[in-house]
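Encoded as structure tokens, the structure appears first; notes follow it.
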Amino acid sequence: QVQLVESGGGLVQAGGSLRLSCAASGRTFTSYAMGWFRQAPGKERKFVAAISYGGTTGYADSVKGRFTISRDNTKNTVYLQMNSLKPEDTAVYYCAARSGTIAKVPAWYDYWGQGTQVTVSS
């Protein structure tokens, strides 16, 4: 089992920045690829970014150049640095973990956090 706890969400004006954190506990953190997803009200959960245990990253086209995913294996934590935020980035952001390589499909992830709200005002 892996427990994931997100933090760092909040209210920010368009053009601003936030950094989300996801602290993992339980089984060996370095064995897992980590992903960030987001879900806006009434919409499906969508891939944002992912990072493998070795540091390979992947991003959704909508966030490339604005968001950066990173991980600190010594702290069992994955981060999502979000810059140049837009109102359309407003959503609940979820951290997820899976064995193996990074993936963009939510159903392929085994463990999920409870989510953290990000609201970007115009």
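Positions are given from 1, in the same order as the sequence printed here.
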Practice problem: Mind running side-chain contact (heavy atoms from CB on, under 4.5 Å) on V78 and S70 for me, showing each step along the way? | Solution: CA-CA 6 Å; V78 62; S70 62; over 6 Å; no
Quiz item: Is the shortest side-chain N to carboxylate O distance from D89 to K86 below 4.0 Å?
Solution: no
Quiz item: In a check of ring pair (Phe, Tyr, Trp, His ring centres under 6.0 Å) between F47 and each of Y94, Y59, F37, W36, which one passes?
Solution: F37
Quiz prompt | Nearest-0.5 Å distance that lies between atom OH in Y109 and atom CE in M34 | solution = 9.0 Å
Quiz item: So, D72 and T77: side-chain donor and acceptor under 3.5 Å apart, yes or no?
Solution: no
Exercise. Determine the minimum heavy-atom distance between A14 and S122, stating which atoms define it.
Key: CB-CA, 4.4 Å
Quiz prompt | Identified side chain to side chain contact (heavy atoms under 4.5 Å, CB included) counterpart of S62 within the set K46, E88, R38 | solution = R38
Quiz item: In Å, rounded to the nearest 0.5 Å, how long is the span from OG of S52 to CD1 of I102?
Solution: 6.5 Å
Exercise. Could you pull out the closest heavy-atom pair between A50 and A103, with the gap in Å?
Key: CB-O, 4.2 Å
Quiz item: Has the side chain of S21 got a donor or acceptor atom that lies under 3.5 Å from a matching backbone atom of S7?
Solution: no
Practice problem: State whether the number of non-hydrogen atoms from other residues, nucleotides or ligands found under 6.0 Å of W112 atom CH2 is greater than 12. | Solution: yes
Exercise. Compare all side-chain heavy atoms of Y32 with those of V2 and state whether any distance is below 4.5 angstrom.
Key: yes
Quiz item: Measuring from S25:OG to L4:CG, what's the distance to the nearest 0.5 Å?
Solution: 7.5 Å
Quiz item: Is there a side-chain contact between M82 and S17 (heavy atoms, below 4.5 Å)?
Solution: no
Quiz item: Looking at L18, V63, I69, T68, which hits side chain to side chain contact (heavy atoms under 4.5 Å, CB included) with L80?
Solution: I69
Quiz item: Has the side chain of R45 got a donor or acceptor atom that lies under 3.5 Å from a matching backbone atom of Q39?
Solution: no
Practice problem: List the atom of A40, the atom of A91, and the distance in Å for their closest heavy-atom pair. | Solution: N-CB, 3.9 Å
Exercise. Measure the CZ-OG1 distance between F67 and T57 for me, rounded to the nearest 0.5 Å.
Key: 14.5 Å
Quiz prompt | Main-chain N/O of T116 paired with E6 side-chain donor or acceptor, under 3.5 Å | solution = no
Exercise. Would you check, one step at a time, whether the test side-chain contact (heavy atoms from CB on, under 4.5 Å) holds for L11 with V118?
Key: CA-CA 6 Å; L11 173 64; V118 171; over 6 Å; no
Self-check item: More than 12 heavy atoms from other groups under 6.0 Å of OH on Y111
Solution: yes
Quiz item: If you measure from OH on Y53 to OG on S99, what distance do you get to the nearest 0.5 Å?
Solution: 11.0 Å
Quiz item: Heavy-atom distance under 4.5 Å between the side chains of T56 and T101, does that happen here?
Solution: no
Quiz prompt | Intermediate values then yes/no, side-chain contact (heavy atoms from CB on, under 4.5 Å), Y79 and R19 | solution = CA-CA 7 Å; Y79 304 97; R19 189 176 81 155; 3.7 Å; yes
Quiz item: Any idea which heavy atoms bring Q117 and V92 closest together, and the distance?
Solution: OE1-CG2, 3.2 Å
Quiz prompt | Spatial distance of atom CZ (R66) from atom CG (N83) [nearest 0.5 Å] | solution = 9.0 Å
